[in-house]
Amino acid sequence: MAENKEQSMSNYKVPGMRGPRNRQVEKPKEGKKTLLRLVGYFASEGKVVAFLLAVVFVVVIASVYAPRLQSDAIDSISRLEFGQLTGILATMLIVYVIQSLGTFLQGKNSAILSQRVVRKMREDLFDCVVNLPVKYIDSHSHGDIMSRMTNDVENISNTVSQSLSSLFSGVLTVIGTVAMMIYLCPPLALLSCTTVILTLAATKFLSKAMRTFYRKRQVLLGELNGTVEEMVTGYKTVVAYERQEAVIEEFNKTADELTRAGIFAEILGGSMGPVMNVINNIGFVIIAAFGGYFAVNGVISIGIISAFIVYAKQFGRPIDEIAQIYGQIQTAIAGAERVFAIIDEPREDKSGDKNMDDAKGVITFENVNFSYVPGQQVLHNFNLEVRAGHKIALVGATGSGKTTVVNLLMRFYDVDSGEILIDGVNIKDIDCRNLRENTAIVLQDTVLFADTVKNNLKYSKQEATDDEMVQATKMSNCNDMILRLKDGYDTMLSGEGYNLSQGQRQLLSIARAFLAQPKILILDEATSSVDTRTEKRIQDAMVKLMENRTSLIIAHRLSTIQDADFIVVMEKGRIIETGNHEELLAKQGKYYELYMTQFSGNAI
């Protein structure tokens, strides 16, 4: 439906129109704000979160208590107190069993929680996508939108399942470990914790650089998906014009940028682990040196030194884990920003408290002005009245604004100024769903779904009976064609109906509109892909269908609209001629020129 947008949307990012352009890189948003919003999705899973926290708490208690038992065992051996050793070892065994079981439950519940949270996020995102204004879909890459639904959400899922429990247990482990170290030997605990300053400094420095590259990587990944999606969709055109090299060059350019961003992101993400290991090793040196000094002076026992070494490793482990998964966290936050950017987009305005169930179908355009891009007006003071039950044809050169009239009537876009009325009621006051339920449209580009023929036909009227469906297919002259298919009406169509010819797909889309029995019928080049004989059969069927029904026809083939009650000739968003076929030919104006070009071959 974009035949009139080619000029007016030259600065718009229209799907399928690739070429030289300035890459739009998303502006960074606050990571903390995004993280808090992401955490908000856990509120609906309070029971699972509570159970997970309880399990994590038990695991942390066991992991903190075990080194103390180990310390007591070593001290018992050094003092040759073997009577106490058996009880200590038995307690250690119980503690380690509890820790192992808790770790299993922790992983299990983390997976359950992550999938439920991500399911809710996917539902919110998909609900938003299917309710976005047509303007948004027209002006954004389809591949990038799909990338947010798949890659970005999947990254969030992986991070939640792998990292959430680590974050919970990490915080509790650090607190418990520090508390136990202070209890055993405050001076040595204070010396051991000096490495925390180095850890915080390194994390702050590396995280700032990582955030930039992880966000850039997600943006480029979305653009790369957009390139692939457009190439696959328009593959025949690419091959027909031998544009493979240009497509490959564009793909490689984006892929190279993605590779560079990915390399820097992975290098920075991978460097966190080694840096943390160096800092932890410094901590071991401190414990070995000062612990030995305190032991020689009788301040602590050998067992406590052993416990401190375990605690130091245990203290550093959560920080190491967070460092290792920090790259994943940054990827998840960058992906969440992109997901929330769509979720925050305004939904399509479907407001209206009136309906047109009893409407006669009088359509009035009053002083309508419209532009897709500010400053590039498409319709100029457009005025038109369509009488109820009349068949009106819109003709004109590509870019004259014909399809824009339909876009506005269907409320795909809102007028800049002026009004569109149905039976005297502004369409903005009519419930959008009701408006579209009473309006059927057949597009130039047919759209069928990967489903059965029957379900594709009933897409316009779910409650239709099989008899009504067959009657609609007979009226559109495609019943015989359907019955010749392998499984008839139960034949499964491939994606977009590619296992049918273009003409067959167009017939099915026309039958689908017939089945809706609308108050208003819109045909946007509906017969452009059928042969002349089929076109004649469709025209005969349309005569019956259009009885007592307002019909708007956009056509380049003037043979399809010669019997129209009223023909509107448009040029550059303005009406330049009106009348029926004979009247317009007699005027010998623009319509006459178009007619003679098609039927007489005269050059203009």
*asked:* What's the separation between atom CD in Glu257 and atom OG1 in Thr254, rounded to the nearest 0.5 Å?
replied: 6.0 Å
*Let me see the working for Ile112 and Leu52 under side-chain contact (heavy atoms from CB on, under 4.5 Å), right down to the final yes or no.*
CA-CA 10 Å; Ile112 293 173; Leu52 180 61; over 6 Å; no
*Given side chains that start at C-beta, do those of Ile88 and Ser76 come closer than 4.5 Å, heavy atoms only?*
yes
*Could you go through the salt bridge (charged side-chain N to carboxylate O under 4.0 Å, His left out) check for Glu345 and Arg148 one step at a time?*
CA-CA 14 Å; Glu345 283 291 327; Arg148 300 184 193 218; over 6 Å; no
*Is Glu337 paired with Lys33 through a side-chain N to carboxylate O contact shorter than 4.0 Å?*
no
*Applying the side chain to side chain donor-acceptor pair (under 3.5 Å) test to Arg338, which of Asp152, Thr34, Asn151, Asn155 qualifies?*
Asp152
*Could you check Arg68 against Asp72 for salt bridge (charged side-chain N to carboxylate O under 4.0 Å, His left out), going step by step and ending with a plain yes or no?*
CA-CA 6 Å; Arg68 175 59 192 273; Asp72 292 342; 3.4 Å; yes
_Please check this pair: side chain of Ser139 against backbone of Tyr136, looking for a donor-acceptor N/O pair closer than 3.5 Å._
yes
*Check against side-chain contact (heavy atoms from CB on, under 4.5 Å), Leu125 and Ile343*: CA-CA 6 Å; Leu125 179 58; Ile343 292 178; 4.1 Å; yes
_Main chain of Phe449, side chain of Asn456: is a donor-acceptor contact present, judged purely on distance under 3.5 Å?_
yes
*Output yes when a side-chain donor or acceptor of Arg411 lies under 3.5 Å from a complementary backbone atom of Asp349, and no otherwise.*
yes
*What distance separates Lys135 NZ from Phe412 CZ, expressed to the nearest 0.5 Å?*
15.5 Å
*Any chance you could measure Arg436, atom CZ, to Asp431, atom CG, to the nearest 0.5 Å?*
10.0 Å
*Judged by atom type as modelled, is there a donor-acceptor pair below 3.5 Å linking the side chain of Ser71 to the main-chain atoms of Pro67?*
no
*After noting the C-alpha distance and the side-chain angles of Val339 and Val153, does the key distance pass the side-chain contact (heavy atoms from CB on, under 4.5 Å) rule?*
CA-CA 7 Å; Val339 170; Val153 174; 4.0 Å; yes
*asked:* Parallel, tilted or perpendicular: which one describes the rings of Phe213 and Phe264, with boundaries at 30° and 60°?
replied: parallel
*At what distance, to the nearest 0.5 angstrom, does CG of Leu258 lie from CD of Glu223?*
10.0 Å
*Within 6.0 Å of CD in Gln462, more than 12 heavy atoms from elsewhere*: yes
*Does CZ in Phe126 sit with more than 12 non-hydrogen atoms of other residues, nucleotides or ligands closer than 6.0 Å?*
no
*asked:* Is the ring pair Tyr41/Phe340 parallel, tilted or perpendicular, if the boundaries are 30 and 60 degrees?
replied: parallel
*Inspect the contact between Asp124 and Lys120 and indicate whether a charged nitrogen and a carboxylate oxygen are less than 4.0 angstrom apart.*
yes
*About how many Å separate NZ of Lys458 and CD of Glu463, when rounded to the nearest 0.5 Å?*
9.5 Å
*Please report the closest heavy-atom contact between Leu408 and Phe370, naming both atoms and the distance.*
CD2-CD1, 3.7 Å
*Which value, rounded to the nearest 0.5 Å, describes the distance between Asp416 atom CG and Tyr372 atom OH?*
11.0 Å
*Heavy-atom distance under 4.5 Å between the side chains of Met146 and Asn225, does that happen here?*
no
*Go through the steps for Leu132 and Glu348 under the test side-chain contact (heavy atoms from CB on, under 4.5 Å), then give the verdict.*
CA-CA 5 Å; Leu132 284 173; Glu348 182 183 20; over 6 Å; no
